[in-house]
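Beneath this line is the structure, given in structure tokens, with notes to follow.
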Protein chains: 4
Amino acid sequence: MPAPADPLDRSSESPSRRDKRALILEAAIHVFARNGYHGSRIADIASEAGIAYGLVYHYFKNKEEILSSIFEERWGAFLDTLEHIASQPASARAKLDQVATVILGGHHVRPEWVKVLVLEIQRSSRFARPDQIRAVGRLFQIVARILREGQEKGELRMDIDPDVACYSFIGALEIIITGVVLNVIQPDSASLDPTEPSSGEERRDGAYYEKVGRTVVDIFLNGVARSGGTG
Amino acid sequence: MPAPADPLDRSSESPSRRDKRALILEAAIHVFARNGYHGSRIADIASEAGIAYGLVYHYFKNKEEILSSIFEERWGAFLDTLEHIASQPASARAKLDQVATVILGGHHVRPEWVKVLVLEIQRSSRFARPDQIRAVGRLFQIVARILREGQEKGELRMDIDPDVACYSFIGALEIIITGVVLNVIQPDSASLDPTEPSSGEERRDGAYYEKVGRTVVDIFLNGVARSGGTG
Amino acid sequence: MPAPADPLDRSSESPSRRDKRALILEAAIHVFARNGYHGSRIADIASEAGIAYGLVYHYFKNKEEILSSIFEERWGAFLDTLEHIASQPASARAKLDQVATVILGGHHVRPEWVKVLVLEIQRSSRFARPDQIRAVGRLFQIVARILREGQEKGELRMDIDPDVACYSFIGALEIIITGVVLNVIQPDSASLDPTEPSSGEERRDGAYYEKVGRTVVDIFLNGVARSGGTG
Amino acid sequence: MPAPADPLDRSSESPSRRDKRALILEAAIHVFARNGYHGSRIADIASEAGIAYGLVYHYFKNKEEILSSIFEERWGAFLDTLEHIASQPASARAKLDQVATVILGGHHVRPEWVKVLVLEIQRSSRFARPDQIRAVGRLFQIVARILREGQEKGELRMDIDPDVACYSFIGALEIIITGVVLNVIQPDSASLDPTEPSSGEERRDGAYYEKVGRTVVDIFLNGVARSGGTG
DNA sequence: CATGAATGAGAATTCATTCAT
DNA sequence: GATGAATGAATTCTCATTCAT
């Protein structure tokens with residue numbers, strides 16, 4: 001797999017002069033990830049970014065706009081990546097594999113981003129603007145579309161509702177991320193095949209995510225029942 | 001199925017004289033569900049409970065203790081119910097059916113409770129004391145145990161790790177609840193078989209949850225792949 | 001000197017039935033001494049006294065009345081003792097010796113009482129009622145009277161104002177008590193004649209107070225100047 | 001005596017722009033003196049200083065830090081002055097005269113400062129951090145040193161302990177200040193030689209303090225006993 | 001653009017006091 | 001008398017937001 005150009009990474013946007021804004025967002029992500037949205041003060045973000053207190057208000061109307069900016073940019077990039085995956089002329093299985101890789105791998109590479117997206121933004125969605133709700137909904141739509149096209153190509157069962165089935169797939173991935181983020185799940189070699197080569201924590205986590213991703217797709221496609229026939 | 005005595009309901013603890021405490025918790029659940037933990041003031045809880053401001057502090061040390069009390073009591077009851085289900089001499093499939101019913105039905109009957117448990121507590125790493133983490137972990141362990149016993153009885157595939165597989169099942173249910181709670185998912189007749197009888201919203205939601213629950217279990221057991229064999 | 005029946009001690013007033021009031025005062029003294037007036041809650045006093053919360057309000061109108069009751073009773077007894085000393089047909093020196101013994105010894109025997117009288121009441125005197133002000137003033141008047149009578153009997157210099165001189169005497173004693181109470185002064189054997197017999201802390205403090213008392217009276221009477229003649 | 005450049009006065013530190021902090025301290029001293037520490041609200045201090053509520057918290061962590069800042073700065077300046085006096089090549093008597101003048105005169109010139117130092121801080125064991133205790137102790141050490149050097153120079157009796165004797169001197173001065181501060185002592189012409197010229201309250205108080213100061217030193221040096229010899 | 005002082009609305013928490021039982 | 005639940009005013013401290021420089 002050709003290093004899929006980390007879809008969440010925008011740090012290459014030149015954090016020089018014109019993009020102090022990006023600097024602030026980057027800092028905000030770290031601070032939000034560490035202390036939560038409500039536990040973070042503007043002052044924390046400013047000092048993390050190494051800039052003056054009031055400057056934050058030159059670039060953002062208020063605290064909430066920082067959060068929604070993070071959402072819009074990161075989530076947008078994330079959706080673009082998924083959209084790209086969904087549009088390929090590959091099998092549903094291959095697409096789902098890639099989706100799992102992006103979602104789990106995303107957390108592996110940029111844990112703070114995921115932490116903020118999953119924990120802080122989704123939770124504050126109660127106050128969400130309609131466009132944000134819709135943006136979250138698009139994730140489901142994209143996966144549902146993959147499934148629907150899989151049905152059309154005869155790869156998947158016709159008697160399941162793609163709009164419900166997508167929950168099973170996304171839910172599995174999301175709960176794993178949440179679990180890791182909250183330290184309920186501890187990615188460790190314990191559940192890994194010891195014959196696989198492994199070096200250092202970095203590698204180990206990566207291996208864990210790979211294995212888990214494969215399992216999730218496997219279960220989603222084939223089910224856990226013996227010989228596929230209790231239904 | 002004989003309405004399994006709503007396992008989350010403890011309101012029968014006589015909210016009369018001796019249980020002002022329960023009254024406050026009940027009020028807090030409503031308020032937290034409506035405004036979120038951070039958006040709720042003690043004053044709101046007090047007025048929702050119809051008591052004086054300071055009385056809240058007779059029963060709870062501080063705001064956070066209210067939240068964790070809610071968690072401990074409701075989550076404990078929830079786990080007890082699951083434990084009971086897991087201990088029955090039924091098939092894995094039957095148990096998973098019941099688990100889905102309890103989780104989705106729980107939200108149907110007491111949306112506020114679920115809202116608070118899922119959004120305010122479970123997703124909040126900030127309040128996570130070790131014992132709370134552990135309590136959340138028990139949910140996974142119980143489901144994993146159901147799967148493991150299913151394997152032992154030859155009902156389920158041996159080549160999947162129950163500790164990972166349980167994420168797929170729980171994740172599916174949780175994301176549905178979250179979606180509904182956040183209004184991303186709108187339970188409506190659109191995705192329902194129009195031939196089923198339906199009367200009023202109440203009924204419609206119930207039917208939706210039933211159908212979704214069945215689908216989730218179906219997918220989890222049999223997979224979405226055609227004739228169970230892409231893996 | 002025949003153990004002068006600890007003049008501050010009223011604990012023998014039978015703390016049985018009719019004197020729950022005394023019980024509360026006793027408890028209040030301990031609590032005030034420990035935490036200061038403002039740092040003490042009615043609840044603390046009640047629990048120290050082993051009685052119910054609200055009962056305090058049966059015996060005292062409010063928190064302040066507790067403090068002023070302590071003052072009136074203890075201070076009154078204290079003044080009575082001094083009055084008694086002043087009325088004896090003894091020399092001024094003998095009387096001053098006794099005053100020093102009562103004041104320093106009082107602290108030795110009932111440190112809490114003195115702590116409350118000196119630190120809490122005197123500080124709250126800013127809000128004091130005129131009668132309290134007057135009561136404090138009586139201490140000075142009594143000592144001044146001792147001095148005046150000493151002048152009349154030719155024992156003391158005529159060219160000093162008894163109303164000012166009494167400050168020198170009382171001030172010396174008070175600052176010693178304050179110092180000990182605040183732990184600025186640590187009564188220890190360091191400044192004691194090592195030839196004196198001493199056993200245990202109790203004894204050591206007592207000896208310290210005795211020695212200090214003698215020194216204070218000595219200085220007050222004879223001055224610190226060489227051969228009494230720099231004035 | 002050429003008005004010795006009021007040693008406690010630091011108001012010349014330009015309370016203009018850069019020293020908002022000093023402005024707040026000044027206001028706090030007034031408010032504390034008027035209402036006592038516990039009777040003063042941050043709001044009072046802010047409004048006395050003519051600034052916004054929250055600005056106080058820009059300069060001080062909390063209410064207590066305001067009090068201890070007052071202590072540190074004023075008491076430090078006070079000790080510096082005493083240190084200076086003690087280091088002069090003068091007689092013990094002259095030094096004690098100056099100490100009395102500084103202490104009594106300090107109250108005359110800046111009654112609020114003394115009120116806060118004496119009533120709110122010195123008598124409050126609750127705020128006594130070790131370094132504050134030590135700072136108070138230094139007052140005693142300085143006076144004890146004056147006495148010790150007086151002994152070495154043959155001016156003072158050798159048979160008194162300077163560490164105890166200093167209590168007699170400081171105690172006399174302190175109780176006078178306390179008395180005046182608490183209105184137990186009313187500086188008035190009553191105890192003044194009516195032949196001395198006097199104009200207005202200002203002058204009268206000054207005269208009173210001078211006379212009292214001289215008496216205190218006189219008694220401390222020569223004692224009140226006739227012909228210096230009852231000991 | 002940058003800075004950080006200034007503002008002030010909130011919100012949590014405390015606790016003296018009252019009151020029903 | 002006794003109890004302790006109930007009340008709610010009072011106050012501290014926080015922090016998003018504004019603004020003068």
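For clarity, every value in this text was computed on a predicted model and none was experimentally measured. All chains are named by letter (A, B, ...) in the order of the sequence lines, taking the proteins before the strands, and each is independently numbered beginning at 1.
With rounding to the nearest 0.5 Å, the separation of CD in D:E112 from CZ in D:R74 is 11.0 Å. To the nearest 0.5 angstrom, A:F60 atom CZ is 8.0 Å from A:I70 atom CD1. Rounding to the nearest 0.5 Å gives a distance of 7.5 Å between OG of C:S40 and CD of C:E120.
Taking the C1' atoms of five terminal pairs at each end of the helix from E:dA2-F:dT21 to E:dT21-F:dA2, the two resulting helix axes are inclined by 0°, rounded to 10°.
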Would you tabulate the side-chain donor-acceptor contacts of residues 50-58 of chain C under 3.5 Å, counting partners in other chains and residues two or more places apart, or write 'none'?
none

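Not counting sequence neighbours, the partners of B:E48 by the side chain to side chain donor-acceptor pair (under 3.5 Å) test are B:R34. B:R134 meets the side chain to side chain donor-acceptor pair (under 3.5 Å) test with no other residue; sequence neighbours excluded. Every ring pair (Phe, Tyr, Trp, His ring centres under 6.0 Å) that D:F71 has, sequence neighbours left out, goes to D:W75.
Going from atom CD1 of D:I45 over to atom C1' of F:dC13 covers 13 Å, rounded to whole Å. We find that CZ of B:R21 is positioned 13 Å from P of F:dA5, with the value rounded to whole Å. The distance from atom CD1 of A:I66 to atom P of F:dC15 is 15 Å, rounded to the nearest whole Å. Atom OH in D:Y59 sits roughly 20 Å away from atom C1' in F:dT12 (whole-Å rounding). As a whole-Å value, the separation of D:N35 CG from F:dA10 P is 15 Å.
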Checklist outcome for this item: Contact string for nucleotides 13-18 of chain E, one letter per nucleotide 5' to 3', B = base within protein heavy-atom range under 4.0 Å, S = sugar-phosphate only, - = neither, reads BBSBBB
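Residue A:V56 is the one, among A:V56 and D:I51, whose nearest nucleotide of DNA chain E lies closer to the 5' end (criterion: closest heavy atom).
Relative to the ring axis of A:F32, A:K115 does not place its NZ or CZ within 45° and under 6.0 Å from the centre.
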